[in-house]
Amino acid sequence: MRDGFISVAAGTPKIRVADCRYNAEQIFTLMREADKQGVKVLALPELCLTGYTCGDLFLQDTLLRGAEEGLQTILEATRNLEIVTALGLPVWDKWDNKLYNCAAIIQKGEILGLIPKVYLPNYGEFYEQRWFASGSGVEHGIELCGQHVSLCTNQTFACDTMPNLVIGVEICEDLWAPAPPSVELARKGATVILNLSASNELVGKADYRRSLVTGQSARLMCGYVYADAGEGESTTDVVFTGHNMIAENGTLLAERRFATGLTVSEIDVDRLIHDRRRTNTFTFGKEPPEIWRCGFTLPVEETRLTRYVSPSPFVPEDAAGRAERCEEILRIASLGLKKRLEHTGAKTAVVGLSGGLDSTLALLITALAMGMLNRPASDIVAVTMPCFGTTARTKSNAELLAERMGATLKIIDISQAVRRHFTDIGQGMENHDVTFENGQARERTQVLMDIANQTGGLVIGTGDLSELALGWCTYNGDHMSNYAVNCSIPKTLVRHLVAYLARDNAEKDEALHDVLEDILDTPVSPELLPAVQGEISQRTEDLVGPYELHDFFLYYMLRWGFPPRKIYRLALYALGKTYTPDVILKWLKTFYRRFFSQQFKRSCLPDGPKVGSAALSPRGDWRMPSDASAALWQAELETLESVHF
């Protein structure tokens, strides 16, 4: 439960229709198994204590008494269990002389509340209105199993020891209705919705059911646990397959069909609260009705993670998804540049070409934009500017790339200009400090800007999102441009975009494919220090850390607002086989130190297109004072050396 994770499960017991004693045993056995697995919140199917398919037996006193006795058996058998469980049973309300299809929320032998079903299907194979009354508007207490219990649709269950865990409940058809009860429950604070269901199987229905569950979890920014009836229900006319699902904010975390037992995963309620907090339309509109809130407690402990956490959150791991993502990003970025070229009437697009990944991607995007404008690639001015650290490999690749793309190539050796500048300011050539490096970067930017003036063009920026996060750019050097096409593309994704275009050109232009592949194989480097025996002497990831780690840190810090402790834990979980804890912590400290200290570079960034949910534009996505203190984050980082997960 620390770090916002709560272990949840959807369970399907194997039942016997109308055999409440047997079903009660199956239910409390499943509850005990869930408790052994560390589950804290469990949803079971609709009417599972009797069976959903009892038909007119629901009108028999014997069945209704059996259901109450079965619930009493479960309460006594699980009196020592902390697990919060929602299970389905029919409840006869003597107060208003109606029978309700209910979810009972129980914990440690206590009934926390009863939720009656609101929408009763009476079409096709369903005829619930024959026996049950709708729970719409019902708000009163009843006696059940010797306890006074609230019977109410508008109630939630809040954990006192984990404030962001608030449970809401709806039953099967409630989700299918135009206005599901879960909408108002979520607007009043419910972060996890449990759905007790008995949805029979039909060809194609599973896809629709899945889309409902994932869609509702996305719309409500909630966790959604869907427990379906399965084996043991009557097959007189229909079949139930136990289609259990756990979703979080549009993502399906776990799913099972055609099986009984437990489907388990972890919902991150802190992540959900962060998204609601940043989305100010979540609570917009007419004030929802008053919601009754019942409190409960859970022991505060570490939740064992079983859900998948991608080591590369910006990059889809399946080939088809990756290709689709690449195509979409390239189209968005090139459309952004197309508009800027049209609006300014620019005659050329000027790209500084180093032979590295970022400038290669910028050139490729610029070529796509020119194609959209039906303009020749020769309107792109590709400028390569060798200096002290440039290797023959990167210089050759830059020239070959410009040639194969059909761009206008300019080769301008800036070494003499930089030497003259160093003489002017008294900078010794043997002193390879930050002035030595940044002097070259600023000279290159001056050349690009002046060529843009000469040709009536715009300078296209090449810096990526990861570099901006770390401040790995020279202020008023490669930091500056007229339009920055890579500004919201992280480094791990830059590589895949170039690889995607390399594959796309494998048959069309073998020479272009080959040069792109060699660029992909070249170590990432600014090439600002002299080469050693013709080889790159300055490797970026040796200096600032692996971009694989920094992009992971950036995603969870920027997109989800996670604190250092949680990011560290997730990094250990997702990347612990690749990096040791000491290495992860070292670079996490570097990430926070650089992120805070380098904000001044991000506060004056040029325009550029947002392509994903994480971006650092000072005009939209990230507005942070350049002099903000990192003390709170650094203090938390210092505590992590002694933390073990």
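Note that this is a predicted model, so its numbers are computed, not measured. One is the number of the first residue; the rest follow in order along the sequence.
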Is the shortest distance from a Lys or Arg side-chain nitrogen in [X] or [Y] to a carboxylate oxygen in the other one below 4.0 Å?
X    : Y    : result
D207 : R210 : yes
R209 : E255 : no
R16  : D19  : yes
R21  : E25  : no
E184 : R187 : yes

Next on the checklist: Is there a side-chain contact between S488 and L616 in this structure, where contact means two heavy atoms from C-beta onward sitting under 4.5 Å apart?
Outcome noted: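 Result no, sub-4.5 Å side-chain heavy-atom pair not found.
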Is it true that a side-chain atom of [X] and a backbone atom of [Y] form a donor plus acceptor pair closer than 3.5 Å?
X    : Y    : value
E173 : Y119 : no
E68  : W92  : no
T214 : T251 : no
E139 : N154 : no

Heavy atoms from other residues, nucleotides or ligands near [atom1] of [X] exceed 12 (cutoff 6.0 Å):
X    : atom1 : value
E327 : CD    : yes
Y127 : OH    : no
K610 : NZ    : yes
Y308 : OH    : yes
E324 : CD    : no

Next on the checklist: Checking side chain to side chain donor-acceptor pair (under 3.5 Å) between K40 and each of E82, E266, E301, which is the one that passes?
Outcome noted: E301
Spacing of [X] atom [atom1] and [Y] atom [atom2] [to the nearest 0.5 Å]:
X    : Y    : atom1 : atom2 : result
L558 : D621 : CG    : CG    : 7.5 Å
C159 : L298 : SG    : CG    : 4.0 Å
L220 : L185 : CG    : CG    : 9.0 Å
S182 : D174 : OG    : CG    : 8.0 Å
E46  : S199 : CD    : OG    : 9.5 Å
D268 : N164 : CG    : CG    : 9.5 Å

Item to check | The single option from K566, R565, R304 passing salt bridge (Lys or Arg N to Asp or Glu O under 4.0 Å) against D3 | outcome: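 The option that passes is R565.
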For [X] and [Y], take the angle between the two ring planes, folded into 0 to 90°, and tell me which bin it lands in: parallel under 30, tilted 30 to 60, perpendicular over 60.
X    : Y    : answer
W95  : H140 : tilted
Y226 : W176 : tilted
W131 : F58  : tilted

